Amino acid sequence: MENCIFCKIIRKETKTDILYENNNILAFRDINPQAPVHILLIPKTHISTLNDLTGEERELIGDLILNASRLAEQEGIAKEGYRTGFNCNEAGGQTVYHIHLHLLGGRKLGWPPG
Ligand code: DGP
């Protein structure tokens, strides 16, 4: 996707702090962190929202979640706890239309989110 900011990150067209990469996914720090640790994990294929999943992406979604837990361990927040989540569309708080899993931690997170 030509103008998608996350596709640009995947193509290495922008300077980004990449923490993990494999053939299918990429993880990097959020530009506007909402917690001491705020990492985004994205698929390398452009999928706009969770509503666009077809059922073919089970392994891909598993890869995102598994690596979120690994990064939580790496960042030292696994034991104290953390939150992961996908926002979907406007009411869900989605602003970048390329699916991404948020990994947040390093502080006590409120519930429910605002
Ligand atoms: P959401 O609101 O769920 O769509 O989250 C989008 C997140 O993406 C938001 O927390 C800020 C982050 N973000 C937007 N543009 C960039 C960027 O260019 N670089 C990085 N690292 N993060 C970005």
Side-chain angles (χ1 to χ4, degrees):
M1 285 296 223
E2 194 61 30
N3 293 318
C4 168
I5 184 67
F6 287 175
C7 287
K8 286 182 182 172
I9 290 172
I10 292 162
R11 294 195 299 266
K12 312 278 164 66
E13 289 172 13
T14 60
K15 196 174 176 305
T16 307
D17 185 10
I18 292 173
L19 300 173
Y20 176 76
E21 179 170 16
N22 66 25
N23 287 339
N24 304 313
I25 73 165
L26 194 65
F28 51 90
R29 293 196 194 280
D30 195 291
I31 205 170
N32 183 23
Q34 301 302 308
V37 176
H38 189 172
I39 293 169
L40 302 174
L41 297 99
I42 66 172
K44 287 188 173 176
T45 51
H46 183 90
I47 302 166
S48 297
T49 79
L50 281 194
N51 294 338
D52 299 304
L53 294 175
T54 64
E56 296 295 311
E57 307 85 353
R58 289 167 202 272
E59 200 173 331
L60 185 61
I61 300 302
D63 208 0
L64 293 173
I65 295 170
L66 180 63
N67 280 290
S69 74
R70 286 183 178 155
L71 283 164
E73 183 73 41
Q74 200 173 294
E75 294 286 314
I77 57 170
K79 194 158 184 237
E80 69 189 37
Y82 56 91
R83 182 168 300 152
T84 58
F86 292 96
N87 295 332
C88 183
N89 279 340
E90 196 182 344
Q94 187 173 8
T95 58
V96 177
Y97 283 78
H98 178 131
I99 62 168
H100 45 282
L101 181 60
H102 291 266
L103 166 63
L104 293 138
R107 68 170 171 84
K108 177 81 177 155
L109 299 161
W111 188 264

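On a predicted model such as this, the values are computed, not experimentally measured, just so you know. We count ligands from 1, going down the list as the structure has it; atoms in each ligand are counted the same way.
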*Just by modelled atom types, is the Gly55 backbone N or O under 3.5 Å from a matching donor or acceptor in the Glu57 side chain?*
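Yes: the side chain of Glu57 pairs with the backbone of Gly55.
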Side-chain donor/acceptor pairs under 3.5 Å, residues 106-114, sequence neighbours excluded:
residue : atom : partner : partner atom : Å
Arg107  : NE   : Gln34   : O            : 3.1
Arg107  : NH2  : Gln34   : O            : 2.7

_Show the nearest heavy-atom pair for residues His100 and Phe6, with the distance to one decimal._
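Scanning both residues completely, I find the closest heavy atoms to be ND1-CE1, 3.5 Å.
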What are the distances between nitrogen or oxygen atoms of ligand 1 and protein nitrogen or oxygen atoms, counting only those under 3.5 Å?
residue  : atom   : partner : partner atom : Å
ligand 1 : 2 (O)  : Gly93   : O            : 2.8
ligand 1 : 2 (O)  : Thr95   : N            : 3.4
ligand 1 : 2 (O)  : Thr95   : OG1          : 3.0
ligand 1 : 3 (O)  : Asn87   : ND2          : 2.8
ligand 1 : 3 (O)  : His100  : NE2          : 2.9
ligand 1 : 3 (O)  : His102  : NE2          : 2.8
ligand 1 : 4 (O)  : Thr95   : N            : 2.6
ligand 1 : 4 (O)  : Thr95   : OG1          : 3.2
ligand 1 : 4 (O)  : Val96   : N            : 3.0
ligand 1 : 4 (O)  : His100  : NE2          : 2.9
ligand 1 : 5 (O)  : His100  : NE2          : 3.0
ligand 1 : 5 (O)  : His102  : NE2          : 3.3
ligand 1 : 10 (O) : Asp30   : OD1          : 3.1
ligand 1 : 10 (O) : Asp30   : OD2          : 2.5
ligand 1 : 21 (N) : Arg29   : O            : 2.8
ligand 1 : 21 (N) : Ile31   : N            : 3.4
ligand 1 : 22 (N) : Ile31   : N            : 3.2

*Any side-chain heavy-atom pair from Tyr20 and Ile25 closer than 4.5 angstrom?*
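Contact flag for Tyr20/Ile25 side chains = yes.
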*Residues that Ile31 engages under side-chain contact (heavy atoms from CB on, under 4.5 Å), provided they are two or more places apart*: none
Listed pairs under 3.5 Å, donor-acceptor, residues 39-50 side chains, sequence neighbours left out:
residue : atom : partner : partner atom : Å
Lys44   : NZ   : Glu21   : OE2          : 2.8
Lys44   : NZ   : Asn22   : O            : 2.8
His46   : ND1  : His98   : ND1          : 3.2
His46   : NE2  : Ser48   : OG           : 3.3
His46   : NE2  : Tyr97   : O            : 3.3
Thr49   : OG1  : Asn51   : N            : 3.0
Thr49   : OG1  : Asp52   : OD2          : 3.2

